[in-house]
Amino acid sequence: MPFWTFCAPNLIHNSPGSLFFFQICLYCSVLLTMDKQTIIFISFCCFLFAEGGARRTKLEGHSGSVKLFVFGDSYADTGNSNKSYAVSWKQPYGITFPRKPAGRFSDGRVLTDYLAWSLGIRSLVPYTRRGDVEKWEVQNGMNFAYGGTGVFNTLEKAPNMSTQISFFQQLLQQKWYTKQDLNSSIALLSLAGNDYGTFVVNHGNNPKDMSDFSKLVVNQLADNIKQILSLGVRKIAVTTIHPLGCLPQITIYSSWNSCNHDWNLLSNFHNQQLWQRMQSLNNTLQTDQKKNVIVVLDLYTAFQSAFAKQKNITGNPLKPCCVGISNGYGCGSVDQSGAKKYSVCKNRELSFFWDMIHPSQKGWHAVYSELQPSLYKLF
């Protein structure tokens with residue numbers, strides 16, 4: 001039997017796994033024309049590739065059956081925010097993927113897309129588009145995240161996380177998903193700090209007040225997690241807050257050269273509270289023997305690790321790619337005549353940050369790579 005007769009049937013599905021299989025087939029077919037010593041060497045290389053493929057397959061082990069439900073903010077939103085005013089629906093957002101504005105707060109893919117990819121499923125349909133697609137397009141889950149939101153009401157007039165969960169509950173009551181679906185489901189909860197930004201605007205940034213408020217935020221997040229578990233979802237992935245003091249909207253005051261210590265202290269305090277609360281919840285779940293699990297995705301450490309690696313490539317991971325041309329303008333801004341009031345860097349594939357708040361597709365891929373060991377715990 002010709003070698004490619006075996007390979008071809010396994011390449012019909014357009015998935016990350018099929019690409020890996022294609023590479024193996026290509027390498028092995030070349031072996032047929034080589035001498036013995038070369039074959040031994042390349043066989044060893046194929047073994048290393050196979051090891052990496054096996055690890056990836058573990059992440060894709062539930063392909064076709066796992067459901068992913070996403071709640072949160074602009075770090076996870078893939079198109080729920082209002083088209084009439086959300087910057088995510090304006091040029092040049094989406095310039096890398098899908099090559100047009102599509103509701104993502106980035107030039108391309110965000111964390112939600114990479115998590116779906118790791119599960120071997122399609123990027124999720126946003127909740128607001130559920131009526132515009134075929135039923136099969138939502139069979140692997142749905143994205144309820146809205147940019148600018150938090151666990152409490154924020155400056156953005158959009159559904160907070162509790163309301164997003166109520167949307168999910170309504171769909172369950174309408175039989176969009178069954179109890180069996182939820183048994184193989186994962187929920188991602190993204191909290192990027194909009195609650196804290198709103199608190200500072202309304203109440204100032206007194207450290208004691210911020211600490212007390214942080215406890216309220218984590219408590220509400222824990223209540224949201226318990227609500228999702230009560231609906232039947234078995235596995236939860238919840239993000240820590242990234243280093244807020246390293247966002248370009250903060251580091252601009254140091255010409256994007258250094259992070260703000262005080263804001264990073266707030267991130268660390270929030271994350272410490274979160275780790276402790278999630279550990280307590282996990283202990284309770286193990287006692288109840290419900291086979292539920294909560295995994296904390298450490299965005300803070302992932303960002304810092306990605307910064308260190310990016311610095312060796314570009315020299316400054318804190319500088320955003322897309323910025324307004326002057327005060328009062330931002331990425332995506334236009335004047336009354338429609339003229340662009342922003343600029344985009346020449347090599348966006350080298351930038352960690354896309355705009356003043358959000359990572360680029362390159363940045364999110366770097367973060368996802370750092371998070372992979374934690375993602376294994378979901379399986």
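The figures here come from the full heavy-atom set of this structure, side chains too, leaving out hydrogens, waters and symmetry mates. On a predicted model such as this, the values are computed, not experimentally measured, just so you know.
- By the side-chain hydrogen bond (donor to acceptor under 3.5 Å, both in side chains) test, Asn264 pairs with no residue at all, sequence neighbours left out.
- Tyr177 and Ser185 are not linked by any side-chain donor-acceptor pair at a separation below 3.5 angstrom, with hydrogens and angles left out of the test.
- The aromatic ring centroids of Tyr75 and Phe105 lie 6.0 Å or more from each other.
- No side-chain donor from either of Trp136 and Glu134 sits under 3.5 Å from a side-chain acceptor of the other.
- Not counting sequence neighbours, the partners of Lys226 by the salt bridge (Lys or Arg N to Asp or Glu O under 4.0 Å) test are Asp223.
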Run the side-chain hydrogen bond (donor to acceptor under 3.5 Å, both in side chains) test on Thr128 and Asn80 for me, step by step, so that the C-alpha distance in whole Å, both residues' side-chain angles and the decisive distance to 0.1 Å come before the verdict.
CA-CA 6 Å; Thr128 54; Asn80 280 315; 3.1 Å; yes
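- With hydrogens and angles ignored, the 3.5 Å screen pairs no side-chain donor or acceptor of Thr154 with any backbone N or O of Gly150.
- Open room surrounds CD on Gln180; 12 or fewer heavy atoms of other groups in view lie less than 6.0 Å from it.
- Aromatic ring centres of Tyr300 and His242: separated by at least 6.0 Å.
- Taking the six-membered ring for Trp and the full ring otherwise, the centers of Tyr329 and Tyr342 sit at least 6.0 Å from each other.
- Between Asn268 and Ile241 the shortest side-chain heavy-atom distance does not fall below 4.5 Å.
- Side chain of Ser254 to main chain of Thr251: a donor-acceptor pair is present (N/O by atom type, distance under 3.5 Å, no hydrogens or angles).
- Atom-to-atom distance recorded for Lys362:NZ and Asp107:CG is 11.5 Å, nearest 0.5 angstrom.
- Judged by distance alone, the side chain of Ser360 and the main-chain N or O of Phe352 form a donor-acceptor pair under 3.5 Å.
- The SG atoms of Cys345 and Cys322 lie 2.5 Å or more from each other.
- A donor-acceptor pair under 3.5 Å is formed between the side chain of Gln164 and the backbone N or O of Gly72.
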Arg104 and Asp113: salt bridge (Lys or Arg N to Asp or Glu O under 4.0 Å), yes or no, with the steps?
CA-CA 10 Å; Arg104 290 172 175 81; Asp113 298 300; 2.8 Å; yes
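- Checked by atom type and distance alone, the side chain of Thr178 pairs as donor or acceptor with a backbone atom of Asp181 at under 3.5 Å.
- Under the 3.5 Å distance criterion, with hydrogens and angles disregarded, no donor-acceptor pair is assigned to the side chains of Arg122 and Asn140.
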What verdict does the side-chain contact (heavy atoms from CB on, under 4.5 Å) test give for Leu182 and Arg234, after you've listed the backbone C-alpha separation in whole Å, the side-chain angles of each residue and the deciding distance to 0.1 Å?
CA-CA 7 Å; Leu182 298 185; Arg234 292 299 178 216; over 6 Å; no
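- Proximity of a side-chain donor or acceptor of Lys235 to a complementary backbone N or O of Leu378 within less than 3.5 Å is detected.
- Between the side chains of Asn160 and Thr149, no donor-acceptor pair of N or O atoms lies under 3.5 Å.
- With a 4.5 Å cut-off on side-chain heavy atoms, Ser214 and His270 count as touching.
- A donor atom on one side chain and an acceptor atom on the other are found under 3.5 Å apart for Asn82 and Ser84.
- Note: Tyr114 and His365 meet the aromatic proximity criterion, with ring centroids under 6.0 Å apart.
- Counting only residues at least two apart or in different chains, salt bridge (Lys or Arg N to Asp or Glu O under 4.0 Å) contacts with residues 140-158 are absent.
- Under a 3.5 Å cut-off, the side chain of Ser333 and the backbone N or O of Gly330 do form a donor-acceptor pair.
- Side-chain atoms of Asp73 and Ser190 include a donor-acceptor pair closer than 3.5 Å.
- A donor-acceptor pair shorter than 3.5 Å can be found between the side chains of Asn224 and Ser162.
- Taking the six-membered ring wherever Trp is involved, the centroid distance between the rings of Phe144 and Phe168 falls below 6.0 Å.
- The backbone N or O of Arg109 lies less than 3.5 Å from a partner atom in the side chain of Gln361, making a donor-acceptor pair.
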Step by step, work out the side-chain hydrogen bond (donor to acceptor under 3.5 Å, both in side chains) result for Asn260 and Tyr253.
CA-CA 9 Å; Asn260 181 280; Tyr253 298 106; over 6 Å; no
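- A donor-acceptor contact under 3.5 angstrom links the side chains of Tyr93 and Asp355, judged on distance only.
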